[in-house]
Number of protein chains: 4
Amino acid sequence: MNREHAGKRLKTIEGHVRGIQRMVEDGAYCIDVIRQIQATQAALNKVSQMVLEEHMHSCVITAVRGEDAEERERVLAEIAEVYQAAMKV
Amino acid sequence: MNREHAGKRLKTIEGHVRGIQRMVEDGAYCIDVIRQIQATQAALNKVSQMVLEEHMHSCVITAVRGEDAEERERVLAEIAEVYQAAMKV
Amino acid sequence: MNREHAGKRLKTIEGHVRGIQRMVEDGAYCIDVIRQIQATQAALNKVSQMVLEEHMHSCVITAVRGEDAEERERVLAEIAEVYQAAMKV
Amino acid sequence: MNREHAGKRLKTIEGHVRGIQRMVEDGAYCIDVIRQIQATQAALNKVSQMVLEEHMHSCVITAVRGEDAEERERVLAEIAEVYQAAMKV
């Protein structure tokens, strides 16, 4: 299942963040620390995309097919909102 | 209308890009050039978001409500695709 | 020379932005418009990086080797500033 | 000290990632999960910038003032490299 898969990836990402903490404490070379942070960001991007895909195939389909125009509007506006935010992180 | 609005913004962005060319030719300070490029990127982000919003309210609604499961799948996959790409530019 | 090269790329990018305007006016498919915007942003990223490289090899070297501590501080702070901004556009 | 400060922030980020795992397991609303991921990425951006600043004020200054042209070239190329990568994550 998608959520289980996302959960496992987040477990791995948690380990990466702990690894970066150790690098910082142990005086690792700055550029190596930055590269590890960037790799972690890429891994978070992937989880973010997985969650969005699940959302599109569940809530978005339900809301778009439903009768509640306000709910539909809210759900579509949320997609546009996280899309815009995605371009800024 | 949304497309007209997006067209006007792109016209302005075209002017910005021409302005950056002049800055580069005239030997402007590098950091000022980079700041102008970043401002142009932010303006393009805004247009990208406007186009996505229009798309959500037209094609996505039509496809999700339609009977063609393959078409619906294609449209939802495209949103996930541009979302992922948005995190990389 | 680097600036000439950057100028040529910006000329091409200007053409891309004009092409996106036409797509928008001609009613092109939204996702295709978004993909073109993302390609333009990737091209701007490349120019931004070229300008930063030139900057590092000229102004940054001069400032870091110079006697003016305030000027050096300013130049280093600018790099950190555009780096942070780069993560947000 | 900067490294200690970065270490503390990474500790907090580790906690955020664990929190996102719980959200995913507990069936939290997808958009809320995505917003938390985006907040975590913004926090990582901040650490990345702090580490770069430290690097600029130590290794970069040392390398630029040093006699080793190859080492200087390497250090400047690394800045350009992480700058470019920053635009893609």
Side-chain angles (χ1 to χ4, degrees), chain B residues 2-60 74-75 78-79 81-83 85-86 88-89, chain C residues 2-60 74-75 78-79 81-83 85-86 88-89:
Chain B
N2 211 346
R3 287 223 164 210
E4 207 175 309
H5 192 185
K8 270 180 196 160
R9 281 178 180 262
L10 286 163
K11 190 87 198 152
T12 308
I13 290 166
E14 189 196 331
H16 285 165
V17 175
R18 243 192 326 268
I20 301 170
Q21 279 173 66
R22 270 192 305 273
M23 289 176 77
V24 167
E25 284 161 17
D26 297 353
Y29 185 53
C30 295
I31 295 293
D32 292 334
V33 174
I34 290 174
R35 282 178 186 137
Q36 281 306 110
I37 292 175
Q38 290 176 338
T40 305
Q41 305 257 37
L44 283 168
N45 280 349
K46 186 68 198 155
V47 177
S48 188
Q49 193 210 352
M50 287 170 62
V51 176
L52 187 78
E53 273 185 9
E54 176 175 304
H55 184 60
M56 300 292 295
H57 285 90
S58 52
C59 305
V60 174
R74 196 182 58 74
V75 164
E78 278 172 352
I79 302 287
E81 176 218 316
V82 295
Y83 176 73
K88 291 187 182 159
V89 290
Chain C
N2 211 347
R3 289 223 163 209
E4 206 177 309
H5 192 184
K8 270 180 196 160
R9 280 177 180 262
L10 286 163
K11 190 86 198 153
T12 307
I13 289 167
E14 188 196 331
H16 286 166
V17 175
R18 242 191 329 268
I20 301 171
Q21 280 174 65
R22 270 194 303 273
M23 289 176 77
V24 167
E25 285 161 16
D26 297 353
Y29 185 53
C30 295
I31 295 292
D32 291 336
V33 174
I34 291 173
R35 282 178 186 137
Q36 281 307 108
I37 292 174
Q38 291 176 337
T40 304
Q41 293 186 304
L44 281 169
N45 281 349
K46 186 67 198 156
V47 177
S48 188
Q49 193 210 352
M50 286 169 62
V51 176
L52 186 78
E53 274 185 8
E54 176 174 305
H55 184 60
M56 300 292 295
H57 285 90
S58 52
C59 305
V60 175
R74 196 182 58 73
V75 164
E78 278 173 352
I79 302 288
E81 176 218 316
V82 297
Y83 176 72
K88 290 187 181 158
V89 291

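Within every chain, numbering begins at 1; the chains are lettered A, B, ... in the order of the sequence lines, protein sequences first and strands thereafter.
Remark: the backbone N or O of C:Val82 is paired with a side-chain donor or acceptor of B:Gln38 at under 3.5 angstrom. The main-chain N or O of C:Val47 is never found under 3.5 Å from a side-chain atom of C:Arg9 such that the two would form a donor-acceptor pair.
In summary, of the residues considered (B:Leu10, B:Leu44, B:Thr40), a side-chain contact (heavy atoms from CB on, under 4.5 Å) with C:Thr40 occurs for B:Leu44 alone.
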Step-by-step side chain to side chain donor-acceptor pair (under 3.5 Å) determination, C:Glu78 to B:Tyr29: CA-CA 12 Å; C:Glu78 278 173 352; B:Tyr29 185 53; 2.5 Å; yes
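Among B:Lys11, B:Glu25, B:Arg22, the residue with the largest count of heavy-atom pairs under 4.5 Å with chain C is B:Lys11. In terms of heavy-atom pairs under 4.5 Å with chain C, the best-connected choice from B:Val51, B:Ile20, B:Ile13 is B:Val51. If you tally non-hydrogen atom pairs under 4.5 Å between each of C:Gly15, C:Ser48, C:Ser58 and chain B, the highest count goes to C:Ser48.
Heavy-atom distances place no part of C:Gln49 under 4.5 Å from chain B, backbone and side chain included. Only the side chain of C:Val33 comes within contact range of chain B, judged by heavy atoms closer than 4.5 Å.
With rounding to the nearest 0.5 Å, the separation of NE2 in C:His16 from CD1 in C:Ile37 is 13.0 Å.
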